[in-house]
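The structure displayed is predicted, hence computed values, not measured ones.
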Amino acid sequence: MEMQWEEFEPGPALPSAEQIYVTINPKGHLYLNSRTIKALGEPDAVILMYDRRKQAIGIKRAPLDRHNAYRLRKKDGPRTGGRMIYTANFCRHHHIKPDKTLAFTAAEIDKNGVLILSMHQVSAARKK
């Protein structure tokens, strides 16, 4: 029998510490891993944006004293460089209500330094 092989183009997955990884839980807490924080320029605070048409969250660095800045909180103590953003009011305002913790599968940072999180590209978050 002749085989019709299809080569797997994506190749091996990168370890999670080497890729942008962001989750959102039912309480509206966003978790950004250390790679994501570094890619954003290691800010102390960010502002949140929302594109209603595309149902996407945008995150960009901001000065801590900006009136609408969200402070990045340490997660898991000194063990990791990951950070949390408590966004319950933002989620309520934009009707973002995940029923379980979701990972953004296509999170990316655009040329303007905005982290883009599409609500259409999510999957159940993996347990660590």
Side-chain angles (χ1 to χ4, degrees):
M1 171 168 55
E2 187 175 325
M3 304 301 283
Q4 295 184 5
W5 300 111
E6 294 180 24
E7 190 170 330
F8 182 64
E9 287 298 326
L14 291 173
S16 62
E18 294 179 25
Q19 58 185 308
I20 290 176
Y21 183 72
V22 181
T23 63
I24 187 168
N25 72 16
K27 293 180 180 178
H29 299 168
L30 282 167
Y31 170 76
L32 291 71
N33 74 346
S34 61
R35 172 69 179 99
T36 306
I37 297 299
K38 287 178 185 162
L40 285 170
E42 300 189 36
D44 291 322
V46 295
I47 59 168
L48 301 176
M49 304 172 288
Y50 191 69
D51 183 318
R52 290 179 197 275
R53 187 174 49 86
K54 293 184 180 178
Q55 293 184 315
I57 298 169
I59 299 175
K60 72 176 183 178
R61 65 180 299 137
L64 197 52
D65 61 353
R66 187 168 170 166
H67 78 281
N68 61 341
Y70 285 77
R71 179 184 295 273
L72 295 170
R73 308 287 180 177
K74 290 187 179 184
K75 170 75 170 131
D76 299 328
R79 292 188 300 136
T80 71
R83 299 286 184 263
M84 294 289 296
I85 309 170
Y86 300 108
T87 64
N89 58 338
F90 173 86
C91 290
R92 267 191 308 277
H93 181 79
H94 294 291
H95 308 287
I96 299 168
K97 301 173 187 174
D99 58 352
K100 60 185 170 214
T101 301
L102 300 174
F104 294 92
T105 58
E108 64 177 337
I109 297 180
D110 73 7
K111 64 181 180 182
N112 299 313
V114 176
L115 173 61
I116 301 169
L117 307 171
S118 171
M119 296 304 297
H120 295 292
Q121 295 174 301
V122 295
S123 66
R126 62 185 184 267
K127 299 281 184 192
K128 292 213 176 199

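Across every non-hydrogen atom of Thr87 and His29, the tightest pair is OG1-N, 4.4 Å. Looking at every heavy atom in both residues, Ile47 comes nearest to Ala62 through CG2-CB, 3.6 Å. For the residue pair Lys60 and Gly113, the shortest heavy atom distance occurs at CB-O, 4.0 Å. Considering all non-hydrogen atoms of both residues, Leu115 and Ala107 come closest at CD1-CB, 4.3 Å. When all heavy atoms of Ala45 and Ala69 are compared, the closest pair comes out as CB-CB, 3.9 Å. Nearest heavy atom pair, residue Tyr21 against residue Ala125, reads OH-CB, 3.9 Å.
Using modelled atom types, one side-chain atom of Arg61 and one backbone atom of Leu40 make a donor-acceptor pair closer than 3.5 Å. In terms of modelled atom types and a separation under 3.5 Å, the side chain of Asn33 and the main chain of Gln19 share a donor-acceptor contact.
Linking ILVMFWY side-chain heavy atoms closer than 4.5 Å, directly or via other members, places Ile20 and Val114 in two distinct hydrophobic clusters. Grouping the Ile, Leu, Val, Met, Phe, Trp and Tyr side chains by contacts below 4.5 angstrom, directly or via other members, places Met49 apart from Tyr86.
Counting only heavy atoms from C-beta outward, the side chains of Lys74 and Arg83 approach each other to under 4.5 Å.
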Q: Determine, step by step, whether Met119 and Ile57 satisfy the side-chain contact (heavy atoms from CB on, under 4.5 Å) criterion, reporting the C-alpha distance in whole Å, the side-chain angles of both residues, the deciding distance to 0.1 Å, and the verdict.
A: CA-CA 8 Å; Met119 296 304 297; Ile57 298 169; 4.0 Å; yes
Q | Residue pair Ile96, Phe90: steps toward the side-chain contact (heavy atoms from CB on, under 4.5 Å) verdict | A | CA-CA 8 Å; Ile96 299 168; Phe90 173 86; 4.0 Å; yes
Q | side-chain contact (heavy atoms from CB on, under 4.5 Å) assessment of Thr36 paired with Ile59 | A | CA-CA 11 Å; Thr36 306; Ile59 299 175; over 6 Å; no
Q: Start with the C-alpha gap between Phe104 and Ile116, add the side-chain angles, then the distance that decides, and say whether side-chain contact (heavy atoms from CB on, under 4.5 Å) holds.
A: CA-CA 9 Å; Phe104 294 92; Ile116 301 169; over 6 Å; no
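The line from CD of Gln4 to CE of Met1 is 10.0 Å long, rounded to the nearest 0.5 Å. Residue Leu102 holds its CG atom at 7.5 Å from CD1 of Ile24, rounded to the nearest 0.5 Å. Between the CE atom of Met84 and the CG atom of Leu30 there is a distance of 7.5 Å, given to the nearest 0.5 Å.
With Thr23 as the partner, the side chain to side chain contact (heavy atoms under 4.5 Å, CB included) test is satisfied by one option alone out of Leu117, Thr101, Val122, Leu32: Thr101.
Among residue pairs with one or both ends in residues 44-56, those qualifying as side-chain hydrogen bond (donor to acceptor under 3.5 Å, both in side chains) are Gln55-His120; sequence neighbours excluded.
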